[in-house]
There are 2 protein chains.
Amino acid sequence: MSQKVRLETTSKSNRKVENKVDKPRIRLSQQVIVATASDLFARNGFGATSLDAIGEALGVTKGALYYHIKNKEEILKLIFMTVLTVSEEPLRQIAQAELPPAEKLRRAIAHHVAVAADRSPAMTIFYREDVHLTGPFAREIAARKKAYERLFEKIVEEGITLGVFHKEIDPKIATFGILGMCNWLSQWYRPGGTYTPQQIAAFFNQLASFGLALPDASSL
Amino acid sequence: MSQKVRLETTSKSNRKVENKVDKPRIRLSQQVIVATASDLFARNGFGATSLDAIGEALGVTKGALYYHIKNKEEILKLIFMTVLTVSEEPLRQIAQAELPPAEKLRRAIAHHVAVAADRSPAMTIFYREDVHLTGPFAREIAARKKAYERLFEKIVEEGITLGVFHKEIDPKIATFGILGMCNWLSQWYRPGGTYTPQQIAAFFNQLASFGLALPDASSL
DNA sequence: GGTTCTTTTGAACGAGTGGTAGAATTTTCC
DNA sequence: GGAAAATTCTACCACTCGTTCAAAAGAACC
């Protein structure tokens with residue numbers, strides 16, 4: 001049939017005499033499958049990424065994948081779980097802490113941006129491929145996603161209640177705005193760019209807290 | 001699987017009879033195909049939406065679609081073109097107008113939010129399914145998307161140059177933030193919600209221009 | 001009614017998919 | 001070295017999908 005031509009990596013200790021490829025030869029596991037699949041899903045989409053493609057990226061036939069995973073959807077589920085696991089607890093800590101709302105918001109943005117940047121592929125999948133989840137798991141994810149947003153919203157509400165945030169802006173809309181600002185990272189952020197995630201987070205906090213306009217401008 | 005819902009073609013000529021219950025029986029055309037496909041693509045994803053499903057939604061076999069469209073990808077292309085067509089020109093007008101940057105920004109946000117709200121399904125597809133575009137068309141879309149962002153960015157730069165916007169925030173990052181805020185609408189906006197697109201746009205402008213924090217707060 | 005043009009059908013196709021089973025291979029451990 | 005366990009490969013299946021096309025059905029016009 002069609003023989004796939006692969007690039008040969010130059011810097012490998014060839015253990016077997018075969019004109020076969022020498023791939024990274026990493027020990028297969030659920031973890032590495034999910035990691036590799038994340039990259040492919042993020043780049044090409046979940047539906048457009050075949051198990052053959054995942055196997056090939058790992059230097060393995062797709063049959064081998066099934067020893068470590070139940071099926072394709074399980075990979076997707078694990079990616080979603082990873083994002084939630086990494087995201088939820090830190091935000092809960094920040095929300096509960098004894099801090100002024102402005103500081104909470106700053107930390108929440110920093111946290112969210114950090115996750116979005118560190119786990120860029122997973123984050124992309126999290127917000128793009130949720131339509132492929134089905135059944136109770138889909139509902140669980142939706143619920144936890146909403147709970148996460150709610151934590152953000154509470155911080156904004158707290159600021160308004162304490163009189164340090166404008167009360168003209170609806171907390172829900174403000175939350176969606178700020179989260180959208182952060183989540184949009186997955187559309188443009190690339191590691192090694194001009195700014196570090198920390199710097200980006202600082203910019204976003206500046207924007208969300210004080211806006212673009214200079215206070216001494218002509219307007220009120 | 002599901003049985004085919006039969007149109008009542010058995011009866012006599014029914015040119016003016018509109019009281020059908022089963023299917024809309026709209027005259028097939030490229031336009032209605034694209035419109036229906038947009039809804040399905042937005043809800044279930046491009047890859048997961050079959051031509052059978054589109055045909056069924058229109059009360060027609062998928063073969064009939066091919067009289068009006070070249071192939072599945074063309075539907076996607078048309079959706080992308082629609083979004084750009086509706087978006088580009090108005091923003092260009094705003095960017096070129098003789099207005100203070102703050103007002104330009106306000107109008108740009110209002111415009112973008114309006115498009116995102118009015119064309120919610122198409123907008124969702126525009127930012128989610130771009131991985132399915134291939135060849136020169138993919139590059140063209142990417143270029144025009146970037147050009148659109150650039151117009152936004154110019155407005156911010158102008159504000160900084162004229163000294164009415166903070167110069168601490170990188171214009172590119174600020175633009176990504178604001179656009180992200182708006183584009184995130186596709187994740188949560190539903191027509192008929194609590195706020196109108198105009199109100200949402202006003203909130204977003206408030207946020208982007210002045211931020212959440214009250215100026216007279218303790219901090220600097 | 002007859003002719004022509006437009007539109008839809010229905011069936012078929014070929015490629016590609018996720019998934020399975022068992023043989024084959026490699027690793028582990030004694 | 002060798003048995004047992006762990007892991008991967010090969011071959012295959014059932015199915016779905018996008019696409020094609022000849023034939024049927026409508027519509028329009030005279």
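As the structure is a prediction and not an experimental result, all values here were calculated from the model. In what follows, chains carry the letters A, B, and so on, assigned in the order in which the sequence lines appear, proteins first and then strands, with residues in each chain numbered from 1.
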Select from A:G63 and B:A64 the residue whose nearest nucleotide in DNA chain C is closer to the 5' end of that strand.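 The residue mapped nearer the 5' terminus is B:A64.
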
Any N/O donor-acceptor pair, A:K62 side-chain to C:dG18 base, under 3.5 Å: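 By the distance-only test, yes, there is a pair.
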
My understanding is that only one of A:E88, A:R92, A:H112, A:E153 makes a side chain to side chain donor-acceptor pair (under 3.5 Å) with A:Y148; could you say which?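 It is A:H112; the other options fail the test.
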
Side chain of [X] - closest among [options]:
{"X": "B:K72", "options": "D:dT19, D:dC9, D:dT7", "value": "D:dT19"}
{"X": "B:R27", "options": "C:dG19, C:dT7, C:dT17", "value": "C:dT7"}
{"X": "B:D52", "options": "D:dC9, D:dC17, C:dG19", "value": "D:dC17"}
{"X": "B:Y67", "options": "D:dT19, C:dT6, D:dT7", "value": "C:dT6"}

[N] [atom2] sits how many Å from [X] [atom1], rounded?
{"X": "B:Y66", "N": "C:dA11", "atom1": "OH", "atom2": "P", "value": "18 Å"}
{"X": "A:F41", "N": "C:dG18", "atom1": "CZ", "atom2": "C1'", "value": "12 Å"}
{"X": "B:E56", "N": "D:dC17", "atom1": "CD", "atom2": "C1'", "value": "15 Å"}
{"X": "B:L65", "N": "D:dC17", "atom1": "CG", "atom2": "P", "value": "14 Å"}
{"X": "A:I33", "N": "D:dT7", "atom1": "CD1", "atom2": "P", "value": "11 Å"}
{"X": "A:E74", "N": "C:dG18", "atom1": "CD", "atom2": "C1'", "value": "14 Å"}
{"X": "B:I26", "N": "C:dT8", "atom1": "CD1", "atom2": "P", "value": "13 Å"}
{"X": "A:F46", "N": "C:dG18", "atom1": "CZ", "atom2": "C1'", "value": "10 Å"}

Applying a 4.0 Å non-hydrogen cut-off, can you work out what A:T49 is touching in the nucleic acid: base, sugar-phosphate, or nothing?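 It contacts sugar-phosphate atoms only.
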
Does A:S50 reach a base, just sugar-phosphate, or nothing at all? Heavy atoms under 4.0 Å.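 Counting heavy atoms under 4.0 Å across all strands, the contact made by A:S50 is with sugar-phosphate only.
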
Under 6.0 Å from the CD atom of A:Q31, do we count more than 12 heavy atoms belonging to anything else shown?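 It does not: A:Q31 CD has 12 such atoms or fewer within range.
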
Does any part of the side chain of A:F46, heavy atoms only, come nearer than 4.5 Å to the side chain of A:I75, both counted from C-beta?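 No, side chains not in contact.
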
Does A:W184 have its ring centroid less than 6.0 Å away from the ring centroid of B:Y127?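 Centroid distance A:W184-B:Y127: below 6.0 Å, so yes.
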
Please find out if less than 6.0 Å separates the ring center of B:F41 from that of B:H132.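 Not under 6.0 Å, so no.
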
So, is A:H68 close to the D:dA6 phosphate, meaning a side-chain N or O under 4.0 Å from OP1 or OP2?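 Looking at the OP1 and OP2 atoms of D:dA6, neither is under 4.0 Å from any side-chain N or O of A:H68.
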
